[in-house]
Each structure stands twice: as structure tokens, then as C-alpha cells.
Amino acid sequence: RSSDLPKLIGFCGDVYMMERVEYTSLFGISIPWIMEIFIPAGLRRSMDQWFTPSWPRKAKIAIGLLEFVEDIFHGPYGNFLMCDVSAKNLGYNDKYDLKMVEIGRARV
């Protein structure tokens, strides 16, 4: 069991329930495009600074990503194929530990 994967809460046959991990952007907040038009650039930059993690927390998340990649290639898990590798499949918990959000499309 890897700490980078969401906790398995329970399962019944092929249906399983895993810990909910929020995806939050590390470099800016997501705003609907229609609202983005009316927000001045200076206010937008300030909002990005206030609502995203600080740099030490971003560094902790990045280290977690590197540890996850190391576990995939050198760990006891064997072959690991993730079909959709994108930033939206990476999340973090309240302690800023990296968690894989969409692990259901992975094949071990």
C-alpha cells in the first residue's frame, strides 16, 4: 500500500469506494471564463497568491510526486500503467501530501 494512493474505504465486487481527494490548482484558482473577463489582471494575480499553497507547501507536494515516481520504477509494485497522466489527476490532502486522484484508470 502506497501513501500516495487514496485510502480504500470499502468494496463490493467490482464497485469500490475510495477516500475523496480534492484537486486544487497549485498555480492559480479556477474561475469560469465569463467571470474572468471582468476581473482586472492585478486582482487576478492577488487572488492567485491568496488562494494557492505557499512555495514550501508546493515543494512538499512536488517531493511527494518524485517519491511516487520513484516507487513506480523502483518499488515493490511491479509494472504500473496510468492511462491519463495530467495535472487534474494529482491532488493533495490537508497536510499537503500528494495523492493520486484518478487511480481507477490505472493498471498494476
Side-chain angles (χ1 to χ4, degrees):
R1 173 167 149 71
S2 174
S3 64
D4 303 318
L5 304 176
K7 181 181 172 186
L8 178 65
I9 296 172
F11 63 93
C12 180
D14 291 337
V15 178
Y16 57 92
M17 179 178 283
M18 301 190 78
E19 164 190 29
R20 181 181 171 93
V21 179
E22 295 289 334
Y23 164 74
T24 306
S25 177
L26 295 176
F27 299 102
I29 59 173
S30 298
I31 297 176
W33 67 272
I34 193 73
M35 291 178 63
E36 184 113 19
I37 296 170
F38 299 108
I39 297 175
L43 178 60
R44 173 71 178 161
R45 283 191 298 272
S46 295
M47 290 170 60
D48 286 343
Q49 289 177 341
W50 282 102
F51 295 109
T52 57
S54 64
W55 279 106
R57 291 178 174 162
K58 289 177 186 178
K60 183 176 181 186
I61 295 166
I63 290 169
L65 178 60
L66 293 172
E67 290 172 348
F68 177 70
V69 170
E70 181 182 23
D71 284 346
I72 289 173
F73 289 107
H74 302 294
Y77 304 115
N79 294 332
F80 190 85
L81 173 66
M82 237 178 129
C83 298
D84 183 13
V85 180
S86 62
K88 67 181 178 184
N89 288 333
L90 304 173
Y92 55 91
N93 62 14
D94 56 345
K95 296 178 185 174
Y96 296 93
D97 295 323
L98 175 84
K99 297 284 185 177
M100 299 304 296
V101 176
E102 184 63 52
I103 202 67
R105 294 183 187 170
R107 186 174 65 193
V108 179

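Every heavy atom of this structure was used, including side-chain atoms; hydrogens, water molecules and symmetry mates were not.
Under the 4.5 Å side-chain heavy-atom criterion for grouping Ile, Leu, Val, Met, Phe, Trp and Tyr, L66 is not connected to F68 through any hydrophobic cluster. Under the 4.5 Å side-chain contact rule for hydrophobic residues, Y96 and L65 share a cluster.
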Sequence neighbours excluded and cut-off under 3.5 Å, please list the side-chain donor-acceptor pairs for residues 54-61, or say none.
{"from": "K58", "atom 1": "NZ", "to": "L26", "atom 2": "O", "distance (Å)": "2.9"}
{"from": "K60", "atom 1": "NZ", "to": "K95", "atom 2": "O", "distance (Å)": "3.0"}
{"from": "K60", "atom 1": "NZ", "to": "D97", "atom 2": "OD1", "distance (Å)": "3.3"}

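Here N93 pairs with nothing under the side-chain hydrogen bond (donor to acceptor under 3.5 Å, both in side chains) rule; sequence neighbours left out. Every residue two or more places apart in sequence or in another chain that forms a side-chain contact (heavy atoms from CB on, under 4.5 Å) with I9 is listed here: M17.
Judged as a salt bridge (Lys or Arg N to Asp or Glu O under 4.0 Å), the pairs with a partner in residues 34-43 (not counting sequence neighbours) are, in order, E36-R44.
Between M47 and L43 there is a side-chain heavy-atom pair separated by less than 4.5 Å.
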